[in-house]
Amino acid sequence: MKIVITIIGKDRVGIVAKVSTALAENSVNILDINQNIVHGVFNMVMVADMEASALPLKDLQRTFKELGESIGVEIKIQHEDIFNVMHRV
Amino acid sequence: MPLPKEIFETLGMIEKYNLDVRTITMGISLRSCADPDLKLFCRNIYERITQTAKSLVEVGEDIEAEFGVPIINKRISVTPIAIVAESCRTDTLVPVAEAMDRAAHELGVNFIGGFSSLVEKEGTAGDKRLIKSIPEALATTERVCASVNVATTKAGIDMNAVRKMGQIVKKTAELTADRDAIGCAKLVVFANAVEDNPFMAGAFHGIGEGDCVINVGVSGPGVVKHALESVRGAPFDDVAETIKRTAFKITRVGQLVAQEAAKRLGVLPGIIDLSLAPTPAIGDSVAFILEEMGLESCGCPGTTAALALLNDAVKKGGLMAAKAVGGLSGAFIPVSEDAGMIAAVERGSLTLEKLEAMTCVCSVGLDMIAVPGDTSAETIAAIIADEAAIGVINNKTTAVRLVPVPGKKVGDHVEFGGLLGHAPVMAVSRFKSDVFIARGGRIPAPIRSLTN
C-alpha cells in the first residue's frame, strides 16, 4: 500500500534525517521526495510504500504524529488513493 | 503518483475549506421484522439494526483516519415504520421510535431516519397511526427522525394529509416547547420523497431497496466558494466550469469513501448524493457561494439565477465522478445550518417568499426555518401545500421543515445546537389560508404525470 507523508513546520536541522530514519525503522520504503523551504517554513511531501511495515496505517500515523510533535513539525500520513482519485481519472 | 501541487491542493481543501464527506448512511430493510406483537416487533427491529450496523461507526472512523478526510456523520435509515408496523396490535407507535432511539445510542450514530409514512394517496390505518404518533415520538426520543410524503407528481397532493401535517408540526412544537421546538427539526414533510436519500432528517430506506446498502452524501461549499474566488468578474460560463471541476473532485472523494465503506462492511454500495450541504461553521456556506458570484446579500435579485447555475453545475460535475447517483443531489439551503443564510435573514435580504422561489431551482425545500410560535396549523399546512405544488409540477423533490417556536416572535433567536445550528425567527404572511386548507380532498396529478 502506498502512502503520502506530508511534513510542514518551522525549518531546523535534521527533519529529513529524523523522518527518514523512523521510516526505515518501520520498513517503509520511500519512493519519492519533494522538499522546499518558503519563508522559513519547511514543506516536504513523500510518497512511500508501507507494504513491508509491521505496523498498520493507524499505528504508523500515531508514531509519526508523536515524532512530529517532538521536533516541532506537523507530520501527516494518508492513503495515497485520496489524492489519486481527486486528480486522476 | 500524485504531484506535490495536487497533494497540497487536496490538503488545502480539507484543512482550510472544510471539504468533508457529510454522511455515510446505512440503509437497513426492516421488512423481516414485522410481528403483530408490539413488544416482539420492537425487539426485532432493535436486534436487526444493532446487528446489521454494529461496525458502521468504527469502519467510518477507520476510513476517516486512513484517508485523512473528515466523515462528519454516520447514520442509519430504515424502511418506513408505518409499513413494517402495519400489522402491530397497538394504538401508538411511540415504543417503536424508542426502540430505534435505543439502537442509535447503542451504535453511536447521531440520527436514525425512517419513522416515516408515504401517504400521497390517503394512506392506510397504519399510516394514520404513525402520523398520530409523531409528536410524542419526537418529544421522547433524541435521535429519531420522522418524515411524511404527502404528494407525488404521479398521484398529486393529498390535501387531507397536508392539513394533518400542519397540525402535527404544531403539536410537535408544543411537546418540545421547552427545547425551542427541537422536535420539528427532526420532521420533514415531502413531495416526491426519494428512497435512497442519505441526508437527515428525511432519510428512509425505500421499499424497493435491498437488505442493506451504503449511501454517501458529499459536501464542500467552502471548497466551491474558494474556487470561485479565482474567477471574480469572469462571465458565468467560467463560473459554471469552475463549479463543475470542483464538484468532480469533491465527488471523487465521496465515491472512494462509499466504495471503501461498502467493501469493509460487506454490504451493497448504494448511491452518491451530489449535494452541497452547508454547516453553521464559517466558510461552509452555500449563501457565501451565491454572494461570491456578485450578489450583495443572499436573497437579493439574482439569487435564484445564481442558485440555479450552482445547482446544475454541481450535478454536472459530480455525475461523472460517481458510479451511481441518487438521493436528493443538489444544493441545500437550510437556513439555520448556513452562516451566510442566517446573516442574510438578519440583514433583511432573505425572506420566506424568496426562499420559496429558490426551492424551485435547488435541492429540497423550505428547510430549518424558525417561524413565530403563533403561526397557525393552517398557515403551516398552506406553506406545505405551496412547496408540494412546486415539487409536483416540476417533477422534483421538495420538502418543508419549519419550526414554529412557541413563545418566539419575529427577530427572536433560536438555538438548536450542533449541526442543526441556530436561526433568527422569520416573518410569515399575516393573511389567512384557513378556508383553503379546510377544503381537504386531493389536488389532482398534473398533466405531466401522464407520460406513458
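Every chain is numbered from 1, with letters handed out A, B, ... down the list of sequences.
Of the inter-residue distances, the one linking K74(B) atom NZ with I24(B) atom CD1 reads 7.0 Å to the nearest 0.5 angstrom. The CG atom of L419(B) sits 5.5 Å away from the CG atom of N73(B) when rounded to the nearest 0.5 Å. We find the CZ-CD1 distance between R22(B) and I72(B) to be 6.0 Å, quoted to the nearest 0.5 Å. Between T279(B) atom OG1 and D338(B) atom CG the span is 8.5 Å, to the nearest 0.5 Å. Residue I272(B) holds its CD1 atom at 12.0 Å from CG of L319(B), rounded to the nearest 0.5 Å. Within the model, atoms CG of L276(B) and CD1 of I333(B) stand 12.0 Å from one another, a figure rounded to the nearest 0.5 Å.
Residues I76(B) and L56(B) are in side-chain contact: their nearest non-hydrogen atoms beyond the backbone lie under 4.5 Å apart. Annotation: side chain of P221(B) is not in contact with side chain of F288(B) (no heavy-atom distance under 4.5 Å). At least one side-chain heavy atom of S275(B) sits less than 4.5 Å from a side-chain heavy atom of F199(B). With contacts defined as side-chain heavy-atom distances shorter than 4.5 Å, the pair L228(B)/I243(B) qualifies.
Between the side chains of N110(B) and R143(B), no donor-acceptor pair is found at a separation under 3.5 Å. Side-chain polar atoms of T25(B) and N215(B) form no donor-acceptor pair below 3.5 angstrom.
S285(B) places a side-chain N or O within donor-acceptor distance of the main-chain N or O of A287(B), the cut-off being under 3.5 Å. Remark: the backbone N or O of P70(B) is not paired with any side-chain donor or acceptor of D20(B) at under 3.5 angstrom.
Using non-hydrogen atoms only and a strict 4.5 Å limit, the part of residues 244-271 of chain B facing chain A consists of F248(B), K249(B), R252(B), V253(B), L256(B). Scanning residues 22-40 of chain A against chain B with a 4.5 Å non-hydrogen threshold yields L31(A), D32(A), N34(A), sorted by number. Using a 4.5 Å heavy-atom cut-off against chain A, the contacting residues of residues 4-16 of chain B are P4(B), E6(B), I7(B), F8(B), E9(B), T10(B), L11(B), M13(B), I14(B), E15(B). Using a 4.5 Å cut-off between non-hydrogen atoms, the part of residues 59-72 of chain A that approaches chain B consists of Q61(A).
Taking Q78(A), K2(A), E80(A), K58(A) one by one and counting their heavy-atom pairs under 4.5 Å with chain B, the maximum is reached by Q78(A). When each of L57(A), N43(A), I8(A), I3(A) is checked for heavy-atom pairs under 4.5 Å with chain B, L57(A) comes out on top.
Applying the 6.0 Å contact sphere to CE of M1(B) captures more than 12 heavy atoms from other residues, nucleotides or ligands.
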Practice prompt. Tell me, with the steps shown, if E292(B) and R232(B) meet salt bridge (Lys or Arg N to Asp or Glu O under 4.0 Å).
Written response: CA-CA 8 Å; E292(B) 179 59 41; R232(B) 272 190 188 152; 2.7 Å; yes
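In this structure, Y17(B) and H226(B) have parallel ring planes: the angle between them is below the 30° cut-off, well short of the 60° mark.
Only the side chain of L19(B) comes within less than 4.5 Å of a heavy atom in chain A; its backbone stays farther off. Only the side chain of V47(A) comes within less than 4.5 Å of a heavy atom in chain B; its backbone stays farther off.
A103(B) and I49(B) get closest at one heavy-atom pair: CB-CG2, 3.9 Å.
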